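Both backbone and side-chain heavy atoms feed into the values below; hydrogens, waters and symmetry mates do not. Source: prediction; values computed, not measured.
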Amino acid sequence: MISVSEAMSYEFVTGPDLYSLCQQAAQLRDAHWGKQLTYSKKVFIPLTNMCRDACGYCTFVKGPDSPHANYMTPSQVLKTAFEGEQLDCKEALFSLGERPEERHQKARELLTALGYDSTLAYLHDQCENVLSNTSLLPHVNAGALSYDELKHLKPVAASMGMMLENVSNDLLKKGQAHYSCPDKTPKRRLDTIEQAGKLDIAFTTGILIGIGETWQDRVNSLIAIRDRHLSYGHIQEVIIQNFRAKEGTTMAGCQEPDLDDMKRTIAMARLILPAEISIQAPPNLEREYGCYVGAGINDFGGISPLTKDFINPERAWPQISSVAQACEGLGYSLAERLTIYERFYQQKEGYLTTHLAHKIALLTGQAAHSTYVQSGGVPA
């Protein structure tokens with residue numbers, strides 16, 4: 001792991017120096033993860049698209065005046081899960097706006113009609129719904145949560161996640177990406193990561209680059225993640241995600257990070273973070289996603305054969321076979337993984353309930369003879 005000062009020195013590397021940095025990161029990746037890259041085959045369950053936050057780059061969230069503002073019903077949740085199960089998906093990614101009922105009357109009314117007074121209570125029961133009726137493993141991405149809220153959700157989720165995004169308080173200022181976002185304060189996000197560690201929750205987090213932060217902000221954000229992992233050992237993966245400008249948002253005219261910026265950030269993350277933390281970058285947000293391999297990633301995250309990326313709906317998922325071919329061309333294989341990484345589910349106590357551990361044992365048994373994805377095909 002490198003120091004802050006060394007990480008800071010990479011801010012402007014380009015050309016041969018960037019190539020050398022990426023080589024260093026890729027060698028470190030190979031030493032720990034070998035010549036295999038991974039992904040999770042998932043369905044996306046956008047439980048509600050209402051939110052009390054108003055991020056400057058978001059098109060997922062719908063205001064209460066929109067006819068599209070909604071909560072998925074239990075039957076809609078199960079329908080999506082069943083369809084994903086038929087396509088051999090193993091992860092049900094629950095993604096949702098944060099606490100919309102605390103800001104919007106419409107959200108309260110919709111929850112009441114469903115028989116609930118809070119989004120998190122409804123989320124818990126829909127995770128249980130999927131867990132009880134399908135083979136899918138819920139992964140919960142519900143934003144900033146307290147210790148008690150995380151504890152309540154833990155029995156119905158194989159893993160959880162929340163993007164840290166950035167530790168800069170400057171992003172909360174008027175005109176910046178996180179203005180008017182009570183759940184995006186660095187203190188609140190970091191506390192969620194820490195409480196998840198105290199509860200032994202296999203956790204995914206990450207940074208979003210290109211939203212107005214400085215290079216030092218990125219370094220500080222990764223150091224903050226590293227520090228919490230060193231305390232609790234619960235961070236399974238860190239996502240390096242590039243901002244994509246979207247029409248109709250306050251950041252529609254902002255410049256997006258280029259490929260070199262992504263590569264230097266990925267490489268820097270690989271060198272900052274402990275080797276056992278997976279480094280992930282989404283393949284649908286960059287046409288030349290194969291370049292990420294040379295910068296040190298070992299994972300492409302969740303890829304769905306069924307549902308679109310509701311956060312970035314204009315960016316279609318690549319075919320899993322295409323990702324496999326790209327990896328093969330670079331000398332790597334592509335393997336499917338579960339939403340919770342092996343080192344966590346191999347620990348018989350702490351991270352999983354008995355019920356979740358049993359479901360995972362069934363899934364890993366079924367997948368034992370079809371782990372590797374070959375180009376042009378997927379596991380049976």
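Using the six-membered ring where Trp is involved, His234 and His229 have ring planes that are parallel, under 30° apart on the 30 and 60° scheme. Tyr341 and Trp33 have perpendicular rings, their planes meeting at more than 60° on a 0 to 90° scale where under 30° would count as parallel.
Without hydrogens or angle criteria, Asn242 side chain to Glu256 main chain gives no donor-acceptor distance under 3.5 Å. Of the possible donor and acceptor atoms, none in the side chain of Asp17 sits under 3.5 Å from a partner among the backbone N and O of Gly15. Side chain of Arg226 to backbone of Pro274: no donor-acceptor contact under 3.5 angstrom is found. Judged by distance alone, with hydrogens and angles left aside, the side-chain atoms of Ser95 form no donor-acceptor pair with the main-chain N or O of Pro46 at under 3.5 Å. In this structure, Lys154 contributes its side chain and Ala196 its backbone to no donor-acceptor pair below 3.5 Å. With hydrogens and angles disregarded, a donor-acceptor distance shorter than 3.5 Å links the side chain of Arg228 to the backbone of Ala224. Proximity of a side-chain donor or acceptor of Thr119 to a complementary backbone N or O of Arg99 within less than 3.5 Å is not detected.
Side-chain atoms of Ser40 and Glu91 include a donor-acceptor pair closer than 3.5 Å. Side chains of Arg108 and Gln105: a donor-acceptor N/O pair is present below 3.5 angstrom, by distance only. No hydrogens or angles considered: a donor-acceptor pair under 3.5 Å links the side chains of Glu85 and Ser135. One side chain, Lys246 or Asn312, offers a donor N or O that lies under 3.5 Å from an acceptor on the other. Side-chain contact, Thr214 with Asp217: a donor N or O sits under 3.5 Å from an acceptor N or O. Side chains of Asp30 and Gln27: a donor-acceptor N/O pair is absent below 3.5 angstrom, by distance only.
Checked for salt-bridge contact, Glu237 and Arg337 meet the test: a charged N lies under 4.0 Å from a carboxylate O. Between Arg244 and Glu286 there is a salt bridge, with a side-chain nitrogen of the basic residue lying less than 4.0 Å from a carboxylate oxygen of the acidic one. Using a 4.0 Å cut-off between a side-chain N of Lys or Arg and a carboxylate O of Asp or Glu, Glu276 and Arg343 do not qualify as a salt bridge. Using a 4.0 Å cut-off between charged side-chain N and carboxylate O, Lys90 and Asp88 make a salt bridge. A salt bridge links Lys173 with Asp170: at least one charged nitrogen is closer than 4.0 Å to a carboxylate oxygen.
Linking Ile, Leu, Val, Met, Phe, Trp and Tyr whenever their side-chain heavy atoms come within less than 4.5 Å leaves Met163 and Leu96 in two separate clusters. Residues Tyr116 and Val140 share a single hydrophobic cluster, defined by chaining ILVMFWY side chains whose heavy atoms lie under 4.5 Å apart. Placement of Val219 and Ile209 within a single hydrophobic cluster is found when ILVMFWY residues are connected by side-chain heavy-atom separations under 4.5 Å, directly or transitively. Ile239 and Tyr292 fall into different hydrophobic clusters, where Ile, Leu, Val, Met, Phe, Trp and Tyr side chains are chained together by heavy-atom contacts under 4.5 Å. The same ILVMFWY cluster, assembled from side-chain heavy atoms under 4.5 Å apart, contains both Tyr10 and Ile207.
Nearest heavy atom pair, residue Leu352 against residue Ala158, reads CD2-O, 3.9 Å. Contact between Thr249 and Gly56 at its shortest, heavy atoms only, is CB-O, 3.3 Å. Taking each heavy atom of Leu110 and Asn70 in turn, the nearest pair found is CD1-CA, 4.1 Å.
Results of the salt bridge (Lys or Arg N to Asp or Glu O under 4.0 Å) test with Glu98 over Arg103, Arg189, Arg52 single out Arg189 as the only residue that passes.
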